[in-house]
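Before any comments, here is the structure.
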Number of protein chains: 2
Amino acid sequence: MAEPLSERSQKILEVIIEEYIATAQPVGSRAITQNHAINLSSASVRNVMAELEEKGYLASPHTSAGRIPTEMGYRFYVDTLLRINDLNYQQKDQIEQHYHRRGLQMSDMLREASRALSSVAHYTGLVMVPRLKVTVFRQIEFVKLSPRQVLAVFITQSGMVQNKLIQLDEELTGQELEQITNYLNQTMKGLSIQEAQARIVAEMAHEKALYDQLLQRAFKLSSAALIDETTGDVIIEGTSHFLEQPEFSDLECMKRIVQTFEQKRTLVDLLDRSLQTEGVQILIGSETEYSEFSDCSLITAAYSGRHGTLGCLGVIGPSRMPYSTIIPIVDYTANLISRLLEGEQDLGE
Amino acid sequence: MAEPLSERSQKILEVIIEEYIATAQPVGSRAITQNHAINLSSASVRNVMAELEEKGYLASPHTSAGRIPTEMGYRFYVDTLLRINDLNYQQKDQIEQHYHRRGLQMSDMLREASRALSSVAHYTGLVMVPRLKVTVFRQIEFVKLSPRQVLAVFITQSGMVQNKLIQLDEELTGQELEQITNYLNQTMKGLSIQEAQARIVAEMAHEKALYDQLLQRAFKLSSAALIDETTGDVIIEGTSHFLEQPEFSDLECMKRIVQTFEQKRTLVDLLDRSLQTEGVQILIGSETEYSEFSDCSLITAAYSGRHGTLGCLGVIGPSRMPYSTIIPIVDYTANLISRLLEGEQDLGE
DNA sequence: TTTTGGCACTCATAACATCAGAGTGCTAAC
DNA sequence: GTTAGCACTCTGATGTTATGAGTGCCAAAA
């Protein structure tokens with residue numbers, strides 16, 4: 001059981017998985033001997049298939065229906081059998097076309113990334129919007145909406161814009177607000193939000209601040225503006241691709257997936273977990289740890305700006321997914337976005 | 001044919017439609033005589049049903065399957081038979097709960113409105129985001145991202161925030177930018193965007209501007225910032241409710257609807273058309289003029305701020321929809337949002 | 001020892017026939 | 001004008017059978 005698969009078994013497993021990915025039909029021994037360059041009789045293939053089933057790489061829906069890959073089968077395939085295709089010219093072009101328009105803001109760019117993923121991969125595209133705390137401070141502006149209400153507009157080095165409505169304890173004059181703005185912009189420029197927050201805490205604790213009411217107000221205001229209470233956001237494009245998959249013709253199952261997409265929460269958690277990983281990460285079925293995705297796979301890659309990892313993006317679809325073409329699409333998109341975001345920053349400095 | 005329906009026929013039509021809305025099953029003559037206070041034999045009902053079918057209000061899927069309402073049937077029902085329920089306490093409460101959190105920005109509020117519609121009505125909620133040009137100018141800020149790139153942050157009286165990246169022909173110093181900002185904020189405060197644009201055009205034409213380079217730049221910049229090239233946006237919540245409807249169990253049809261939602265374009269057009277209408281508007285089936293919605297109905301109502309209509313919101317679902325409960329939900333939500341937005345403005349002045 | 005041809009067996013799927021039930025339309029009687 | 005009754009239609013459920021794809025196993029061949 002723990003003994004490794006022979007080369008021949010591996011080859012057959014590979015062919016079965018690729019055939020199943022292509023057709024969505026259980027693969028029989030005969031299909032293998034006919035369609036592919038395997039010089040074996042169907043009986044020999046059957047023996048190997050029985051072995052692969054026993055070891056857990058394959059399963060049969062019923063006696064006379066051929067075999068389909070298990071999660072473990074896909075995992076082995078991805079880890080050891082997969083040969084990743086290079087993107088062809090057309091695919092690269094198709095991805096890049098999404099960014100030809102000039103003057104895209106960061107949020108637009110991320111949306112385009114999700115669209116690109118969805119349309120090129122033909123699965124659902126996901127892009128996680130950078131968490132505030134991983135971004136770098138560029139500029140803050142306060143807009144007074146009413147005596148006790150201020151809108152903080154906060155711009156990160158990478159060009160993201162965040163708005164936040166702040167309720168004030170005490171009234172501030174326009175002049176005070178301006179002073180605060182200037183002070184904060186000087187003090188925090190170039191700091192990461194985490195650094196900025198740390199500095200705020202430090203300076204607020206520092207007694208010096210006690211003497212300067214304005215400073216104290218400034219810190220209060222900025223700490224209110226920089227608290228990131230949002231749960232994170234994900235840009236989802238191409239939900240409808242799920243409806244094309246024969247494995248999700250079950251409406252009940254489909255509904256659960258769409259609902260999960262709508263809540264976004266689960267996807268945020270999922271993508272968060274992928275954030276740490278270097279390169280392309282692949283989660284298959286139960287590895288996602290969500291039952292609604294038990295027949296899905298998630299392929300993700302992190303993207304970054306000049307100051308490090310910003311977020312991650314990827315594609316979700318059925319486990320029966322052409323990994324060899326999807327992986328480079330995700331990889332290429334993540335790199336492209338990273339390059340663009342780093343370029344943006346160059347302009348900014 | 002053109003002769004009107006007798007009272008009895010109308011009553012029977014009403015019962016059939018309501019029964020069909022409740023059960024999603026074709027309604028037979030017997031169901032009517034049993035379940036409802038109609039003192040007629042099934043044979044008499046059959047006569048009436050034949051008449052209603054001939055006149056186009058009903059259709060029969062096949063000989064032995066009872067009748068279902070046609071589009072014309074629904075239209076007649078909505079126009080003349082419908083008695084609109086009042087919202088009960090729970091429903092009102094459920095809608096209002098979405099706004100209890102303080103410090104909601106306009107965009108958050110609109111999202112909540114869409115969620116509220118979706119969760120209370122159990123159909124898909126739609127909210128059209130106000131077009132820039134119907135809003136009132138409050139404040140503009142320019143943030144210099146690079147020598148030739150400026151981010152314009154534009155805040156409307158109703159608290160909406162719009163960002164736009166502007167490419168400059170010529171470099172501007174921070175000081176110049178500040179002057180421009182001040183000038184524009186003074187000049188355009190309280191103007192509607194249409195008025196503001198008109199003024200820009202007028203002043204740019206005016207020869208006085210020729211002498212003052214700074215002014216000219218100001219106008220250029222603001223006109224770039226105020227051009228609304230976005231196609232309009234719609235906030236959609238509760239797509240998954242469509243998957244609950246038995247009439248859309250056809251995956252192909254379902255997919256077309258979800259795709260249409262994803263593109264948003266069609267929905268923008270649809271909602272745009274409803275914008276002019278006073279009160280609640282109802283579009284049934286082909287009245288939407290989109291084939292993918294041939295079995296859907298759209299119920300909308302406009303919402304407004306103090307300065308007039310801002311946008312519209314509503315619900316889309318199958319034509320077989322409990323109009324009497326959905327209509328007041330849409331109506332109430334639109335009024336509530338309008339009230340809140342007008343309140344927001346009070347705070348702002 | 002490995003491979004393969006052959007054969008019995010299993011099971012899903014499609015095709016077909018049958019039947020019950022729901023509903024209609026029509027006619028004659030009330 | 002209303003209704004009871006009846007013949008008729010059509011769907012959907014049920015059951016039966018045939019087909020065929022695919023397996024497992026065994027004995028013979030390599």
Side-chain angles (χ1 to χ4, degrees), chain A residues 3-13 15-17 19-20 22-70 73 246-247 249-250, chain B residues 3-13 15-17 19-20 22-70 73 246-247 249-250:
Chain A
E3 78 190 278
L5 292 177
S6 74
E7 195 148 334
R8 193 180 67 178
S9 301
Q10 293 190 16
K11 178 70 189 161
I12 287 176
L13 179 58
V15 171
I16 291 173
I17 291 181
E19 181 73 14
Y20 183 67
T23 65
Q25 299 294 325
V27 182
S29 56
R30 201 138 144 258
I32 293 175
T33 53
Q34 284 183 344
N35 298 339
H36 297 271
I38 294 216
N39 287 322
L40 282 174
S41 72
S42 60
S44 309
V45 173
R46 278 203 288 281
N47 288 332
V48 175
M49 283 166 97
E51 176 208 357
L52 288 169
E53 180 168 358
E54 198 201 352
K55 290 186 175 167
Y57 298 101
L58 295 178
S60 36
H62 56 83
T63 337
S64 68
R67 303 302 210 294
I68 58 175
T70 61
E247 42 264 82
S249 56
D250 175 21
Chain B
E3 78 192 273
L5 292 178
S6 73
E7 196 147 332
R8 194 181 66 177
S9 302
Q10 293 191 16
K11 179 70 189 162
I12 288 176
L13 179 58
V15 171
I16 290 173
I17 291 181
E19 182 73 14
Y20 182 68
T23 64
Q25 298 294 326
V27 183
S29 55
R30 203 141 140 254
I32 292 173
T33 52
Q34 284 183 343
N35 298 339
H36 296 269
I38 294 215
N39 287 323
L40 281 174
S41 72
S42 59
S44 308
V45 173
R46 279 203 288 282
N47 288 331
V48 176
M49 284 164 96
E51 176 208 356
L52 288 170
E53 180 168 359
E54 197 201 354
K55 289 186 176 167
Y57 298 100
L58 295 178
S60 36
H62 57 83
T63 337
S64 68
R67 304 303 211 293
I68 59 174
T70 61
E247 41 263 83
S249 56
D250 175 22

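If you're wondering where the values come from, they're calculated on a predicted model, not measured in any experiment.
- Looking at the side chain of Ser64(B), the nearest of the listed nucleotides dG24(D), dC10(D), dC11(C) is dC10(D).
- The separation between His62(A) atom NE2 and dT23(D) atom C1' is 11 Å, rounded to whole Å.
- Following rounding to the nearest Å, Leu58(A) (CG) and dG22(D) (P) show an atom-to-atom distance of 14 Å.
- Using modelled atom types, one side-chain atom of Thr70(B) and one backbone atom of Gly56(B) make a donor-acceptor pair closer than 3.5 Å.
- At whole-Å resolution of the value, CD1 in Ile32(B) and C1' in dG23(C) are 12 Å apart.
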Pairs under 3.5 angstrom, nitrogen or oxygen only, protein versus nucleotides 3-7 of chain D, please.
| residue | atom | partner | partner atom | Å |
| --- | --- | --- | --- | --- |
| dT3(D) | OP2 | Ser41(B) | N | 3.2 |
| dT3(D) | OP2 | Ser41(B) | OG | 3.4 |
| dT3(D) | OP2 | Ser44(B) | OG | 2.6 |
| dG5(D) | O6 | Arg46(B) | NH2 | 3.2 |

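- Between the CD1 atom of Ile68(B) and the C1' atom of dT11(D) there is a distance of 15 Å, rounded to whole Å.
- Following rounding to the nearest Å, Met49(B) (CE) and dG23(C) (C1') show an atom-to-atom distance of 9 Å.
- You'll find the side chain of Arg67(A) stays beyond 4.5 Å of the side chain of Leu52(A), heavy atoms only.
- With DNA chain D read from its 5' end, the first of the two nearest nucleotides for Ala65(B) and Ala65(A) is the one closest to Ala65(B).
- Checking side-chain atoms of Thr33(B) against main-chain N and O of Ser42(B) turns up no donor-acceptor pair under 3.5 Å.
- Rounded to an integer number of Å, the gap from CZ of Arg67(A) to P of dC11(C) is 14 Å.
- Leu58(A) pairs with exactly one of Ile12(A), Ile68(A), Val48(A), Leu13(A) by the side chain to side chain contact (heavy atoms under 4.5 Å, CB included) rule, that one being Leu13(A).
- A distance-only check finds no donor-acceptor pair linking the side chain of Ser60(A) to the backbone of Thr63(A) [under 3.5 Å].
- Contact annotation: Ser29(B) reaches the phosphate of dT24(C) (side-chain N/O to OP1 or OP2, under 4.0 Å).
- If you take CD of Glu51(B) and C1' of dT2(D), they are 15 Å apart, rounded to a whole angstrom.
- For Arg8(A), taking side-chain heavy atoms from C-beta onward, the closest of the listed nucleotides dT24(C), dG23(C), dT3(C) is dT3(C).
- Summarising the geometry, the separation between CD on Gln25(B) and P on dG23(C) is reported as 10 Å, rounded to the nearest angstrom.
- Looking at heavy-atom distances under 4.0 Å, Thr63(B) makes contact with sugar-phosphate atoms alone, never a base.
- Contacts of Glu247(B) classified as side chain to side chain donor-acceptor pair (under 3.5 Å), with partners at least two apart in sequence or in another chain: Arg320(B).
- Between Leu5(B) and Lys55(B), some side-chain heavy-atom pair lies under the 4.5 Å cut-off.
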